[in-house]
J.: 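Here it is: the structure, laid out below.
Side-chain atoms are counted along with the backbone in the values below, which use heavy atoms only and exclude waters and symmetry mates.
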Amino acid sequence: MMKIKHSWRRLPFSTRLDIPTHYFGIDEQEIRRIRAISDSKTKLIESARLQYELYGDIHNDLTVWIAGYASDATIRSRFGSMLSLRNMIYPPPDTSHLKPSIMDIKRRISIPDIYNEDLAEEVGIHLGDGNLFIETHKDYTKSYQYSIHGNLLNETQYHREWIYSLLKKLYNYSAYSVCRDDKNLISTFCKSKLVVEFKSKILGLPIGSKKIAQIPLFIMEHEELQKRCLIGIFDTDFSLNKYGLSGSLTSLKVIKQMSYILKQQKIKHVVNITRDLGRIAIPKDGTMSIFEEWKMHNSKHLSKYQLYKEFGIHIPFSTTTERQAVLLGKLDARKLKKLNLKKPHLKDMVSIYGHERTCSYLLKT
């Protein structure tokens, strides 16, 4: 399908309505037929269906121009989102070969529609901190596991609130977590054959090492899904400091795809790719755009960003609990800054005192 130029959106209304014929060669009779439909929702559905039949793809702008409207705001007002319209046109993926286990059936585990913004973000979380694992036992039975790993001191809230709710919404799975004080690690687990096979066989996410992982095609084809996927990656595998967002992945393909998406969104960034690792650094201006417009969800990052917005400071080695205490007025920002200059290494504290006692100590000091 020919690329839709951003400059076309600034053309006069009448000129935009000629684009389907002049640039894409769509039959004028078909366009007149669609524009003559009185019901606006039916008109847009027919426009999207025509594109899918011609190109195997659907574009927001072309959909409204074929239907005789000026902008994709019409789609949002009629359907809520472009994804809702897409779901009416795109054939669902063939999942007939996925066989749930007896426990999946008992727990009523389900799989979501593929064109789903929450799924796109969960794929990003998976690419950042997730892992698929299948173990074959001596009796030839298999166990299936999807796990997500994070920092115990800083990401417990993110796991227990946001990740739990996503897994419940997408798969109807009630996840559970294991906390390792000695490794400052929280791990959220989803043990389901259906979920693991959906992720590996439908979404194309690898079992084991993620070096060959890539962002699925259905995400790369849609702008909103691209952003939600990157939110998941930023929330899990990137860090925020006074210079901006930065992070690295072993999957060089994902790094290149992320760079492509950031370029499309006109967000400046630096990419550094070696043989085994790819790194992206996003300067302060681009980072602020992402936080203000894309809606991150990890309280570790959000508390750092809010602390900078309200007090103009970044405090290295501070914890999510401490920063939230400052933002709630329970802890003075200057006191926190002094505290962090003489603070012992957090990982050592957690291994000695445990997660809850360490958080309590940091707030009282």
J.: Is it true that a side-chain atom of Asn298 and a backbone atom of Tyr158 form a donor plus acceptor pair closer than 3.5 Å?
T.: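 Checking the backbone N and O of Tyr158 against the side chain of Asn298, no donor-acceptor pair under 3.5 Å is found.
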
J.: What pair of heavy atoms forms the shortest contact from Ala48 to Ile89, and how long is it?
T.: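 That closest heavy-atom pairing would be CB-CG1, 3.8 Å.
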
J.: Is there a donor in the side chain of Tyr305 and an acceptor in the side chain of Glu292, or the other way round, less than 3.5 Å apart?
T.: yes

J.: Check side chain to side chain donor-acceptor pair (under 3.5 Å) between His149 and all other residues, then give those that pass, not counting sequence neighbours.
T.: Ser147, Ser187

J.: Side-chain donor-acceptor pair under 3.5 Å between Glu155 and Trp162, yes or no?
T.: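 No.
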
J.: Between Thr63 and Gln51, is any side-chain donor less than 3.5 angstrom from a side-chain acceptor?
T.: yes

J.: Can you see whether Ser143 engages Lys191 through a side-chain donor-acceptor pair at a distance of less than 3.5 angstrom?
T.: no

J.: Any chance you could measure Tyr69, atom OH, to Ser47, atom OG, to the nearest 0.5 Å?
T.: 10.0 Å

J.: Could you report the tightest heavy-atom contact between Thr188 and Ser177, atom names first, then the distance?
T.: OG1-CB, 4.1 Å

J.: Hey, is the main chain of Ala70 close enough, under 3.5 Å, to the side chain of Arg16 for a donor-acceptor pair?
T.: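 Confirmed, Arg16 side chain pairs with Ala70 backbone.
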
J.: Rounded to the nearest 0.5 Å, how far does CG of Asp72 lie from CG of Leu62?
T.: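 The CG atom of Asp72 is 12.0 Å from CG of Leu62, to the nearest 0.5 Å.
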
J.: Aromatic contact between Tyr146 and His126, with the criterion being ring centroids under 6.0 Å apart: yes or no?
T.: yes

J.: Can you name the residues that form a side chain to side chain donor-acceptor pair (under 3.5 Å) with Asp39, not counting sequence neighbours?
T.: Thr42

